[in-house]
Every structure is written in structure tokens, then in C-alpha cells.
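First up is the structure itself, then whatever we jot down about it.
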Amino acid sequence: MKLDIFRADLHQPEHAAAMLMLLDAYARDPAGGGDGLSEQAKAKLPRALADRPGVHVLLAFVEAQPAGLAICMEGFSTFAAAPLLNVHDFAVLPAHRGCGVGRALMKQVVALAESLGCCKVTLEVLEGNAPARALYQACGFADYALDPAWGKAMFMQRWLGE
């Protein structure tokens with residue numbers, strides 16, 4: 001299996017198209033919510049990500065075909081007084097799962113974070129997504145907790161404008 005992982009340049013139509021295809025496939029997956037990307041999101045997303053500082057998109061290609069992606073965004077740890085890298089979207093097409101693509105892609109995410117001087121890599125994962133949780137744990141991730149007596153951190157959201 002020929003696996004290539006590289007930083008996408010979303011100003012290049014081929015990279016933008018691969019990112020959209022992979023992200024749409026992820027969005028259609030039950031782990032991604034089950035609905036595809038809206039046409040509005042597809043039209044706006046490549047340029048919006050390309051123009052936003054601190055966004056890094058990694059693409060994984062198997063045999064010259066898109067197979068996986070990681071969309072990462074720089075953040076900052078106040079406790080460590082250092083940058084961090086958040087994996088906002090991480091997906092591997094079903095045909096390429098279990099073949100090492102996810103592990104290799106995450107290895108490149110960690111290398112990117114190290115090259116940026118980040119203190120850590122963060123991500124969110126659904127409780128019921130056992131395969132993703134297993135991959136992340138195998139790559140060294142653990143639930144976030146400061147003091148076990150207070151429990152694990154919980155990811156929450158509030159939509160605006162609705």
C-alpha cells in the first residue's frame with residue numbers, strides 16, 4: 001500500500017476537492033452526524049479554512065486516491081502558557097479503516113504539533129465511537145482530567161444565532 005500524507009494547500013483545486021469529499025463522507029457517517037455537508041458549506045469551506053490563520057489540513061492518499069484527513073486548529077493552553085493543536089475533524093474512509101492510515105495520519109498530526117512548538121494535541125470523540133477511541137488511545141491520547149475526584153472533562157456546545 002502506497003500511503004502519502006501531506007499538508008493540503010486549499011487554494012489548489014485538487015486539494016480542496018479531496019478535503020471536501022473526505023469531510024462530506026465523514027459528515028455522512030453516523031460518527032459524523034449522518035448528514036452530508038450543505039452546499040453552502042461546500043462552497044465556502046475551502047477558502048474559509050485556507051484564509052484562516054492557524055488552520056492546518058493534512059490529507060492522506062492511498063494509491064494516489066484520497067483516504068483520510070485531519071483538520072487541525074491552533075489554540076493556546078493558558079496553564080502551560082504554550083500553543084496547542086486541536087484536531088477538529090479526523091476521518092478515514094471506511095475502505096481504508098484498519099489498514100494503518102489513521103495511525104499514520106495521527107503520527108503526522110503529532111509531528112506537526114511538535115514542529116509548531118505545541119505543548120499538546122487535543123481532540124473530541126463521541127463516547128460511542130469505540131474504534132476511534134481505541135485508535136486515539138493507541139496513539140497515546142487519554143481522557144482529560146485534572147483531579148480524578150472532579151471527573152473527566154466534558155465537551156459542550158452552544159449554537160449561536162438560532
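Sequential numbering from 1 along the given sequence is applied to the chain's residues.
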Assess whether side-chain contact (heavy atoms from CB on, under 4.5 Å) is satisfied between Leu93 and His96, documenting all intermediate values.
CA-CA 6 Å; Leu93 291 177; His96 299 287; 4.1 Å; yes
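With a 4.5 Å cut-off on side-chain heavy atoms, Cys72 and Val55 do not count as touching. The side-chain heavy atoms of Phe6 and His15, taken from C-beta on, include a pair separated by under 4.5 Å.
At most 12 non-hydrogen atoms from other residues, nucleotides or ligands lie less than 6.0 angstrom from CD of Gln40. At most 12 non-hydrogen atoms from other residues, nucleotides or ligands lie less than 6.0 angstrom from NE2 of His88. More than 12 heavy atoms of other residues, nucleotides or ligands lie within 6.0 Å of CE in Met1, so this atom counts as buried by the packing criterion.
Under a hydrophobic clustering in which Ile, Leu, Val, Met, Phe, Trp and Tyr are joined whenever their side-chain heavy atoms come within less than 4.5 Å, directly or via other members, Met21 and Leu59 fall into the same cluster. Taking hydrophobic clusters as Ile, Leu, Val, Met, Phe, Trp and Tyr residues chained together by side-chain heavy-atom distances below 4.5 Å, Leu37 does not share a cluster with Val92. By the rule that hydrophobic residues join a cluster once side-chain heavy atoms approach within less than 4.5 Å of another member, Leu58 and Val87 end up as members of one cluster. Met19 and Leu3 end up in different hydrophobic clusters when Ile, Leu, Val, Met, Phe, Trp and Tyr side chains are linked at under 4.5 Å. Tyr136 and Leu84 fall into different hydrophobic clusters, defined by Ile, Leu, Val, Met, Phe, Trp and Tyr side-chain heavy atoms under 4.5 Å apart, directly or through other members.
The distance from atom CG of Leu69 to atom CD1 of Ile5, rounded to the nearest 0.5 Å, is 11.5 Å.
Residue pairs meeting the salt bridge (charged side-chain N to carboxylate O under 4.0 Å, His left out) criterion with at least one member in residues 6-27, sequence neighbours excluded: Asp24-Arg28. The salt bridge (charged side-chain N to carboxylate O under 4.0 Å, His left out) contacts involving residues 51-60 comprise Arg47-Asp51, where partners must be two or more places apart or lie in separate chains. Pairs engaging residues 73-100 under the salt bridge (charged side-chain N to carboxylate O under 4.0 Å, His left out) rule: Asp29-Arg97 [sequence neighbours left out].
A side-chain contact (heavy atoms from CB on, under 4.5 Å) with Leu23 is found for one member of Val57, Leu45, Leu49 and no other, namely Leu45.
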In a table with atom names and distances, give each donor-acceptor pair under 3.5 Å that connects a side chain of residues 103-119 to protein atoms at least two apart or in another chain.
residue : atom : partner : partner atom : Å
Ser115  : OG   : Leu112  : O            : 2.7

Side-chain donor-acceptor contacts of residues 120-135 below 3.5 Å, not counting sequence neighbours, with atom names and distances?
residue : atom : partner : partner atom : Å
Thr122  : OG1  : Asn86   : ND2          : 2.8
Glu124  : OE2  : Asn86   : ND2          : 3.1
Asn129  : OD1  : Ala132  : N            : 3.3

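Closest approach of Pro46 to Ala16, counting heavy atoms only: CB-CB, 3.8 Å.
The six-membered or imidazole ring of Phe90 lies away from that of Tyr26, with a centre-to-centre distance of 6.0 Å or more.
Through direct or relayed side-chain contacts under 4.5 Å between Ile, Leu, Val, Met, Phe, Trp and Tyr, Tyr144 connects to Phe79, Leu146.
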